[in-house]
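First up is the structure itself, then whatever we jot down about it.
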Amino acid sequence: MLLIDVVRVSEAVTRTSARLGKIGHLAELLGRVGPDEAEIAISYLSGELPQRQVGVGWRTLEDIPQPKLAATATLTAVDELLSRIKAVSGQGSQAARKALVAELFAGLTSQEQQFMRRLLHGELRQGALDGVMIEAVAKASGAPSADVRRALTLRGWLPAVGAAALGGGVEALRGFRLEVGRAVSPMLAGSAPNVAAALEKAGTPAALEWKLDGVRVQAHRSGPSTVTVFTRTLDDITAQVPELVEAVLAMPSDDLVLDGEVIALRPDGRPHPFQVTASRVSSKTGVERLREQTPLSVFFFDALRVDGVDLLDLPYSQRQEALAGAVPPGLLTPRLVTGDVAEAEKFFTDVVRAGHEGLVVKSLASPYAAGRRGAGWIKVKPRHTLDLVVLAAEWGHGRREGKLSNLHLGARDPEGGFVMLGKTFKGLTDELLAWQTERFLELAEGPTDGWTVTLRPELVVEIAFDGVQRSPRYPGGMALRFARVLRYRPDKRVEDADTVDTVRSLML
DNA sequence: TTCCGACAGTGGGGTCGCAAT
DNA sequence: ATTGCGACCCCACTATCGGAA
């Protein structure tokens, strides 16, 4: 199959707003792709590369050759070239990589170049990713989408699942099994504004678990000496977390798949800032030395397999029993089962006081299902707010093209002026975007690089955020975590905005 | 007919590893 | 030694579609 066939379908999907229409276009193509190219087609049309990452980003794509006039590139040829690019990126010079990227793009028409550029950026923007592709695979193969979804949970990679479905239908999908050592797609959580709302969603009684601000881990043990650890995106981090490996090897069962969180704790048991945990987990060199300074702890909250028995389809309450039987009590995430709102709220207050992020409220009945945020797990975190001043704004992309979107936020400096604390684009409705674009252009003043519009600091905006973290980037040495707009405060003057001193006091 | 669950899009701060400067 | 890039940790929120109620 030619790349241009895939590109044309992608363009049709982009033009179609109805989801069923998108699914129709995708399924039509899946119906005519050969078995040897099915994985590539599914991968491209769900916005990812079979190679996952190839070491090519926006900078590398700034300078690419003139396009060809005739579309002759096959999927197989393009895929093969991308694999070579990845191989060179793994161990080789920039020049060699650049030459291969040039070779790839020189073989494409301008239409194909545009598609490949977006695909490499990870910004296909056709309104269809895994969720829509699952339905398309179901439609093209005749298998129920629940079977596609189920196989994806177990296999963790949709192109392989899709290719199997196209070749062998529902029987092939049901052949997928949990395999120790191969990552399972993790179950994700939705969110609720408070404990009472979360309980209502989950149904009572529900389990409340401490939400630790660390890194999600899936630990697989097969046999007496083999442990593999995966992240949420299914990357293998076994070598970076020896403490976890040792903890799992010390367990009596040698056939396990566990879900949990690693976190760096201080000697007094309170958590380090997230940055410390993230640094430890992503450091590959000097791990033995680092673990002495900053040891990692692990807390498990789910079991997908214990002693060779798959547990994914069991209700959460039964998986908990299996977990408690397999894992030492000290490695279990603190939890409370209750239907009482007051008791739940006290538990929430306790966990926040202990320095942790909040709670995850879980339905006792829900099976382990990948993706599907909000199905059975709901997170609750406390929310801070500040009144800050808009210092500048940046033009948006995609559906925000032509709108001033991303705000630069500043706190008032009592000495005079403002200190920037970060940016946000979250929480804005279309109406607010339109309003602020107009208003900002009135306030525009001073230098602009064509991208960022500097404003007279006159507008106060109420910002919600999760916490203040140390920042190597911003002048005050601090930045807001997960900042989002709640509302503008036309009733407040700039002199009423919060000061850097207030923000600094929140960092402790 | 209205409601609501699921999805995609739009970007945020921080850190590491690696190659080039 | 420093800088820039790519990848990946953590992530919140709104608009939209289409099935459920």
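Naming: A, B, ... by sequence-line order, numbering from 1 per chain.
At a non-hydrogen distance threshold of 4.0 Å, A:R481, A:F482, A:R484 from residues 473-488 of chain A come into contact with DNA chain C. Near DNA chain C, meaning a heavy atom under 4.0 Å from it, residues 274-288 of chain A has A:F274 in order of number.
Partners of A:T233 according to the side-chain hydrogen bond (donor to acceptor under 3.5 Å, both in side chains) rule, which considers only residues two or more places apart in sequence or in another chain, are A:T231, A:D235. Looking at residues two or more places apart in sequence or on another chain, you find a side-chain contact (heavy atoms from CB on, under 4.5 Å) between A:Q218 and A:A183, A:V184, A:H220, A:F230, A:V257. For A:Y316, the side-chain hydrogen bond (donor to acceptor under 3.5 Å, both in side chains) test picks out A:E209, A:Q320, A:R335, with sequence neighbours left out. A:H25 pairs by the ring pair (Phe, Tyr, Trp, His ring centres under 6.0 Å) definition with nothing, not counting sequence neighbours. Looking at residues two or more places apart in sequence or on another chain, you find no ring pair (Phe, Tyr, Trp, His ring centres under 6.0 Å) involving A:H272. Not a single side-chain hydrogen bond (donor to acceptor under 3.5 Å, both in side chains) links A:D498 to another residue, sequence neighbours left out.
Side-chain nitrogen and oxygen atoms of A:H397 include at least one within less than 4.0 Å of the OP1 or OP2 phosphate oxygen of B:dG11. Contact between the side-chain N/O atoms of A:T231 and the OP1/OP2 oxygens of C:dC8 is not found at any separation under 4.0 Å. Taking only side-chain nitrogens and oxygens, A:N406 comes nearer than 4.0 Å to OP1 or OP2 of B:dG12. The phosphate of C:dC5 has neither OP1 nor OP2 within less than 4.0 Å of any side-chain N or O from A:T60. Look at A:K201 and you won't find any side-chain N or O under 4.0 angstrom from OP1 or OP2 of B:dG5. Neither OP1 nor OP2 of B:dC18 sits under 4.0 Å from any side-chain N or O of A:R97. The phosphate of C:dG6 (OP1 or OP2) has a side-chain N or O of A:W58 nearer than 4.0 angstrom.
Distance A:R125 CZ to B:dT10 C1': 7 Å, rounded to the nearest Å. Taking atom CG of residue A:L428 and atom P of nucleotide B:dT10, one finds them 14 Å apart after rounding to whole Å. With rounding to whole Å, A:R400 atom CZ is found 6 Å from B:dT10 atom C1'. Computed from coordinates, the A:R118 CZ to B:dA8 P distance equals 16 Å when rounded to whole Å. If you measure from atom CZ of A:R399 to atom P of B:dC7, you get 19 Å, rounded to the nearest angstrom. If you take CD of A:Q94 and P of B:dT21, they are 8 Å apart, rounded to a whole angstrom. Rounding to whole angstrom units, CZ of residue A:R59 and C1' of B:dA19 are separated by 14 Å. Distance A:F465 CZ to B:dG12 P: 19 Å, rounded to the nearest Å.
Nucleic acid contact class of A:V262 (heavy atoms, under 4.0 Å, all strands): none. Within the nucleic acid shown, A:D235 comes within 4.0 Å of sugar-phosphate atoms alone, with no base atom in reach, counting heavy atoms only. Backbone-only engagement by A:K211 is indicated by non-hydrogen atom pairs under 4.0 Å involving sugar-phosphate atoms exclusively. Residue contacts for A:E123: at a heavy-atom cut-off of 4.0 Å it reaches no nucleic acid atom on any strand shown. Across all strands, A:K381 comes closer than 4.0 Å only to sugar-phosphate atoms, never to a base (heavy-atom distances).
With a 6.0 Å radius and a threshold of 12 heavy atoms from other residues, nucleotides or ligands, A:E462 has its CD atom above the threshold.
Listed candidates were B:dG12, B:dC7, C:dC10. Nearest to the side chain of A:V132 is B:dC7. The side chain of A:K426 approaches C:dC13 more closely than any other nucleotide in the set C:dC13, B:dG13, C:dC10. Nearest to the side chain of A:E394, among C:dA15, B:dG13, B:dG12, sits B:dG12. The side chain of A:T429 lies closest to C:dA15 when the candidates are C:dA15, B:dG9, B:dG13.
A:Q126 and A:E11 share no donor-acceptor pair across their side chains, judged by distance under 3.5 Å alone.
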Show the atom names and distances, to 0.1 Å, of all donor-acceptor pairs under 3.5 Å that link a side chain in residues 420-427 of chain A to residues at least two apart or in another chain.
unit_1 : atom_1 : unit_2 : atom_2 : d
A:K423 : NZ     : A:E394 : OE2    : 2.8
A:T424 : OG1    : A:K426 : N      : 3.1
A:T424 : OG1    : A:A483 : O      : 2.6

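None of A:R484, A:R481, A:R383 except one satisfies the side chain to side chain donor-acceptor pair (under 3.5 Å) rule with A:D466; the exception is A:R484. Considering A:T60, A:V54, A:I85, A:V101 in turn, A:V54 is the only one that fulfils the side chain to side chain contact (heavy atoms under 4.5 Å, CB included) rule with A:L120.
Comparing A:F425 and A:S471 against DNA chain B, the residue whose closest nucleotide sits nearer the 5' end is A:F425. Residue order along DNA chain C, read from the 5' end via each residue's closest nucleotide, puts A:E62 first among A:T233 and A:E62. Comparing A:R470 and A:D130 along DNA chain B, the residue whose closest nucleotide (by nearest heavy atom) sits nearer the 5' end is A:D130.
Counting only residues at least two apart or in different chains, salt bridge (charged side-chain N to carboxylate O under 4.0 Å, His left out) contacts with residues 21-30 of chain A comprise A:E28-A:R32. For residues 467-488 of chain A, the ring pair (Phe, Tyr, Trp, His ring centres under 6.0 Å) pairs, not counting sequence neighbours, are A:W435-A:Y488.
A 3.5 Å limit on both hydrogen-bonding distances identifies no Watson-Crick or G-U partner for B:dC7.
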Hey, what are the protein-to-nucleotides 18-20 of chain C N/O distances that come in under 3.5 Å?
unit_1 : atom_1 : unit_2 : atom_2 : d
C:dG18 : OP1    : A:R19  : N      : 2.9
C:dG18 : OP1    : A:L20  : N      : 2.7

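Ring centers of A:H397 and A:W451: under 6.0 Å apart, within the cut-off.
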